[in-house]
2 protein chains.
Amino acid sequence: MAFMKEYVDILRQHGIQPTPQRLAIAAAVLHSAEHPTADDVYEEAREYSTVLSRATVYNTLNLFVEKGLLRMQILKEGTAVFDPNIERHHHFIDDDDGTIIDIPWGWLSVRGRERLAEFDIREMQVVVRGRRKK
Amino acid sequence: MAFMKEYVDILRQHGIQPTPQRLAIAAAVLHSAEHPTADDVYEEAREYSTVLSRATVYNTLNLFVEKGLLRMQILKEGTAVFDPNIERHHHFIDDDDGTIIDIPWGWLSVRGRERLAEFDIREMQVVVRGRRKK
DNA sequence: TCAAGGTTTAGACAAAGTCCAGGAACAGGC
DNA sequence: GCCTGTTCCTGGACTTTGTCTAAACCTTGA
Ligand SMILES: [Mn+2]
Ligand SMILES: [Mn+2]
Ligand SMILES: [Zn+2]
Ligand SMILES: [Zn+2]
């Protein structure tokens, strides 16, 4: 498990004490190109760490969000997903299999923000749904 | 319950047999300016119809979605909301209390669709989060 | 060695949603 | 009016997602 070294530093830099469980979870989620659910993370992290409980997965994912390592996204019915891409970006969700794909911020631009003067905007994203062409 | 007459016609026009339960649910959701959850609908519909089960609320809301009377939206953590506004539009979600507000389609325009050539787009919306100014 | 925090765990709990078998309501044909 | 087949509704069991709690388990530093 030597490749975990990298995650020790990342966690420390964010003020998080590295533990075997947290490192396994970091390895499962921080470099994922997908947008895993808590349960996805639980399954994958168990491949790295023999002992790991569901509660710890939820605690740790919430901690990572709080410390700015992850963002939680509400894009799927019934479950939150966790996104290691913390830059602003848009999302495409595939109707067939639920796959979530990042759309770079620069690819789309939203005009008309000035009509939203009644809101203090914290974030804004375009959510696109459909199918990938084959 | 005479004002239900209106809903009898709407349901028939969409190929749905009107029943007391369905009419109560229609009255609770179809003209709502809010974006109620299934449980919100359950609570309000019970004010119109004495007997109504949770299962019927879910069955009926799903039926209304299938028949095009409603759209289901994934905007809140933990629960789906139902939207009687079936025209395309955007959404603002208030961080404080979760209130969901419709943003008219024409207020915003998304440029750069041509970069999404790899997708067959079924729908697209801008999701804005923040706070309402007071 | 000891105490104090911090961390993890199992299991209880709650909420959202689906599914099923039995019964009620209803429509069309006599 | 009655029969009969279909549609509809119900309570409750069940599943999944997520939170909470008390006990146990480290660490770290005095
Ligand atoms: Mn795996
Ligand atoms: Mn009410
Ligand atoms: Zn993303
Ligand atoms: Zn809406």
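Just so we're clear, the structure is a prediction, and the values are computed from it rather than from any experiment.
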**Message:** Tell me if the centroids of the rings in A:His90 and A:Trp107 come within less than 6.0 Å of each other.
**Reply:** no
**Fill in**
Scanning both residues in full, the closest heavy-atom pair of B:Pro18 with B:Leu11 reads CA-CD2, 4.0 Å
Could you tabulate the donor-acceptor pairs under 3.5 Å formed by side-chain atoms of residues 22-31 of chain B, not counting sequence neighbours?
from	atom 1	to	atom 2	distance (Å)
B:Arg22	NH1	B:Gln17	O	2.9
B:His31	ND1	B:Tyr7	OH	3.1

**Item:** Sole candidate of B:Leu75, B:Ile103, B:Ile74 that passes side chain to side chain contact (heavy atoms under 4.5 Å, CB included) when paired with B:Val127
**Value:** B:Leu75
**Asked** Heavy atoms under 4.0 Å, any strand shown: does B:Thr79 hit a base, just sugar-phosphate, or nothing?
**Response** sugar-phosphate
**Gap separating the CZ atom of A:Arg132 from the CZ atom of B:Phe119, nearest 0.5 angstrom** = 8.0 Å
**Message:** Distance check needed: C:dG17 P versus B:Glu77 CD, whole Å only.
**Reply:** 13 Å
**Asked** To the nearest angstrom, how far is A:Lys76 atom NZ from C:dG17 atom P?
**Response** 16 Å
**Asked** Is B:Asn62 near enough to C:dG17 that one of its side-chain N or O atoms lies under 4.0 angstrom from OP1 or OP2?
**Response** no
**Prompt:** Is B:Arg131 salt-bridged to A:Glu118, going by a charged N under 4.0 Å from an acidic O?
**Reply:** no
**Asked** How close or far is atom P of C:dC26 from atom CZ of B:Arg12, stated in whole angstroms?
**Response** 12 Å
**Prompt:** Any side-chain N or O of B:Tyr58 less than 4.0 Å from the OP1 or OP2 oxygen of C:dT18?
**Reply:** no
**Prompt:** Can you tell me how far P of C:dG17 sits from CG of B:Asp39, to the nearest Å?
**Reply:** 9 Å
**Message:** Is B:Gln17 close enough to C:dA25 that one of its side-chain N or O atoms is under 4.0 Å from OP1 or OP2 there?
**Reply:** no
**Salt bridge A:Arg122-B:Asp95, side-chain N to carboxylate O under 4.0 Å** = yes
**Prompt:** NA contact type, B:Arg22, heavy-atom cut-off 4.0 Å: base, sugar-phosphate, or nothing?
**Reply:** sugar-phosphate
**Prompt:** A:Thr56 near the nucleic acid: base, sugar-phosphate alone, or nothing, with a heavy-atom cut-off under 4.0 Å?
**Reply:** base
**Item:** Rounded distance in Å - CE (B:Met72) to C1' (C:dA16)
**Value:** 11 Å
**Fill in**
Outermost contacting nts on DNA chain D, any atom under 4.0 Å from chain A heavy atoms, listed 5' then 3', are D:dT17 to D:dC20
**Prompt:** Rounded to whole angstrom units, what separation is found between the CG atom of A:Asn59 and the P atom of C:dA10?
**Reply:** 13 Å
**Request:** Could you work out which one of C:dT8, C:dC19, C:dT9 sits closest to the side chain of A:Ala55?
**Result:** C:dT9
**Asked** Rounded to the Å, how far apart are A:Glu66 CD and C:dT7 C1'?
**Response** 15 Å
